[in-house]
Peer 1: 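Sharing a structure here in structure tokens format.
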Number of protein chains: 2
Amino acid sequence: MSNNCHGDMIKELIHRYERAHFTVERKLYALLRDLMPAELTVDQFNMIRFLQFNGRSTPSELAEVFGVGKSSITAIISRLSDKGFIRRLSEESDRRIVILTLTEEGKRLCESIDARVEAMLADIMNHFEEEEAERFISTFEKLADVMAGTAGLGSNEGKE
Amino acid sequence: MSNNCHGDMIKELIHRYERAHFTVERKLYALLRDLMPAELTVDQFNMIRFLQFNGRSTPSELAEVFGVGKSSITAIISRLSDKGFIRRLSEESDRRIVILTLTEEGKRLCESIDARVEAMLADIMNHFEEEEAERFISTFEKLADVMAGTAGLGSNEGKE
DNA sequence: ACTACTTAGTTCTACTGTCTAACTATTCGA
DNA sequence: TCGAATAGTTAGACAGTAGAACTAAGTAGT
């Protein structure tokens, strides 16, 4: 077993990753939560945000992207629709499909929170040299690709 | 404004970070969820895991570490205690304090899930050169330190 | 054209995690 | 000893989640 030390090395790296991940995620979530206005949760903001980038979407697509069941999406969308941030429209060509878009108020709200979120992230990022940040994010993107590729393991396929 | 391009650079990095973060977190959570046995949620596993590393803890410490209110901890601990994974004991020297430890069954369960989680993470990590992984994790740890330091902004202090 | 299957989305029910406020029990301090 | 502080729990509310049953709409086979 000449690769014993290699295995231990991996184990060590995993352990370090887990610790850092735990801290970063908890803290980031807490910071985000503090930036939310009273009428919005972090999850609701993420949904609105996706719609702002995407322009429009459907419940099925959101369920796929967010990795949750469609009934969860219905619940979130209904709350956001009640608050007047999201509009539901039927697709002309296939009336089963629901088209989701932001209302003007939704767009405004999203932009104003977005600005604060970016400022917060910029604050954090300023603790790093540009080169280190660039390298970190590049690896992070590679990780995202790997994870997206490992999709098969996600096994949310064919649900509902 | 000679640093306009610098600001844009930061903005670009932030945007890339946000996209990668979103993908990685959603996927990681989905993978984790799939590793959980029927009787445990991901959050419950995280709590058990912390106790395994820490040996023992108290509701107050858990609330601090996990960044939530003490009543949330009571709820989670009660469920885990009902299932026989966690034991509640009163501290001799100050009977207000509750000491939390894992039962033997809790330890066993944690170890078996842990093995699977590590295998899953090792799988992902094998997509990277050791040097890149090492550098990534180092920056990640630095980020964790920065976030922990930014604690003041977390504003969960003095809650309850 | 009629029937059966599929797909998109919603509704209903149940559970977990969360917060806040009110409460109990214990300790500390003046 | 009495009042304040501390540790934890309880109760009530709500968001997010899953799963099963449901509606509405489109698709295919015959």
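To find a chain, count down the sequence lines: A is the first, B the second, and so on, and within it residues start at 1. Below, each value reflects all heavy atoms present in this structure, side chains not excepted, and no hydrogens, waters or symmetry copies.
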Peer 1: Give, ordered by number, those residues of residues 73-91 of chain A having at least one heavy-atom distance below 4.0 Å to an atom of DNA chain D; if nothing qualifies, reply none.
Peer 2: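 Under 4.0 Å from DNA chain D: A:Ala75, A:Ile76, A:Arg79.
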
Peer 1: Quick one: A:Asp43 CG to D:dA15 C1', roughly how many Å, whole number?
Peer 2: 8 Å

Peer 1: Applying side-chain contact (heavy atoms from CB on, under 4.5 Å), name anything that partners A:Glu104, two or more places apart in sequence or on another chain.
Peer 2: A:Lys107, A:Arg108

Peer 1: For the pair B:Arg49 and A:Glu18, find out whether any cationic side-chain nitrogen is under 4.0 Å from an anionic carboxylate oxygen.
Peer 2: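 A salt bridge is present here (some side-chain N lies under 4.0 Å from a carboxylate O).
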
Peer 1: Let's see if you can work this out: which of C:dT11, C:dT18, D:dG8 has an atom nearest to the side-chain heavy atoms of B:Pro59?
Peer 2: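 Nearest to the side-chain atoms of B:Pro59, counting from C-beta on, is D:dG8.
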
Peer 1: Restricting to non-hydrogen atoms, name the atom on A:Thr103 and the atom on A:Arg87 that form the minimum distance, rounded to 0.1 Å.
Peer 2: CA-NH2, 3.7 Å

Peer 1: Counting just side-chain N and O atoms, does B:Thr41 come under 4.0 Å of either OP1 or OP2 of C:dG17?
Peer 2: yes

Peer 1: Using atom types as modelled, flag every donor-acceptor pair under 3.5 Å from a side chain in residues 40-47 of chain A to any protein atom, sequence neighbours excluded.
Peer 2:
{"from": "A:Thr41", "atom 1": "OG1", "to": "A:Gln44", "atom 2": "N", "distance (Å)": "3.1"}
{"from": "A:Gln44", "atom 1": "OE1", "to": "A:Thr41", "atom 2": "N", "distance (Å)": "3.1"}
{"from": "A:Gln44", "atom 1": "OE1", "to": "A:Lys83", "atom 2": "NZ", "distance (Å)": "3.3"}

Peer 1: Which one, D:dA20, C:dG9, C:dT18, comes nearest to the side chain of A:Ser60?
Peer 2: C:dG9

Peer 1: If you measure only the distance, is there a donor-acceptor pair under 3.5 Å linking the side chains of B:His21 and A:Glu25?
Peer 2: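 Yes, because at least one side-chain N or O of B:His21 sits under 3.5 Å from a partner of the opposite role on A:Glu25.
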
Peer 1: Ignoring hydrogens and geometry, is there a side-chain-to-backbone donor-acceptor pair from A:Arg26 to B:Gly67 under 3.5 Å?
Peer 2: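 Not a single qualifying donor-acceptor pair exists.
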
Peer 1: From D:dA18, D:dG26, C:dT18, pick the nucleotide closest to the side chain of A:Asp94?
Peer 2: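 The nucleotide sitting nearest to the side chain is D:dG26.
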
Peer 1: With no hydrogens and no angle check, just 3.5 Å: does a side-chain donor-acceptor pair link B:Arg88 and B:Ser78?
Peer 2: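 Side chains of B:Arg88 and B:Ser78: pair found under 3.5 Å.
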
Peer 1: Output the rounded distance in Å from CG (A:Leu40) to C1' (C:dT18).
Peer 2: 17 Å

Peer 1: Please list residues of residues 95-103 of chain A whose heavy atoms come under 4.0 Å from any atom in DNA chain D, ordered by number; otherwise none.
Peer 2: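 Listed by number, they are A:Arg95, A:Arg96.
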
Peer 1: So, for B:Phe140 and A:Tyr17, is the gap between ring centers shorter than 6.0 Å?
Peer 2: yes

Peer 1: If you draw a 6.0 Å radius around CZ in B:Arg19, do more than 12 non-hydrogen atoms from other residues or ligands fall strictly inside?
Peer 2: no

Peer 1: Among all residues two or more places apart in sequence or in another chain, which pass the side-chain contact (heavy atoms from CB on, under 4.5 Å) test with B:Glu134?
Peer 2: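 For B:Glu134 the side-chain contact (heavy atoms from CB on, under 4.5 Å) partners, ignoring immediate neighbours, are A:Leu13, A:Arg16, B:Ser138.
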
Peer 1: Taking A:Asn126 for the side chain and A:Ala122 for the main chain, is one N or O donor matched with an acceptor at less than 3.5 Å?
Peer 2: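 Confirmed, A:Asn126 side chain pairs with A:Ala122 backbone.
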
Peer 1: Using heavy atoms and a sub-4.0 Å distance, could you list which residues of residues 45-56 of chain B are near DNA chain D? By number, please.
Peer 2: none

Peer 1: State whether B:Ser71 places a side-chain N or O below 4.0 Å from either non-bridging phosphate oxygen (OP1 or OP2) of D:dT9.
Peer 2: no

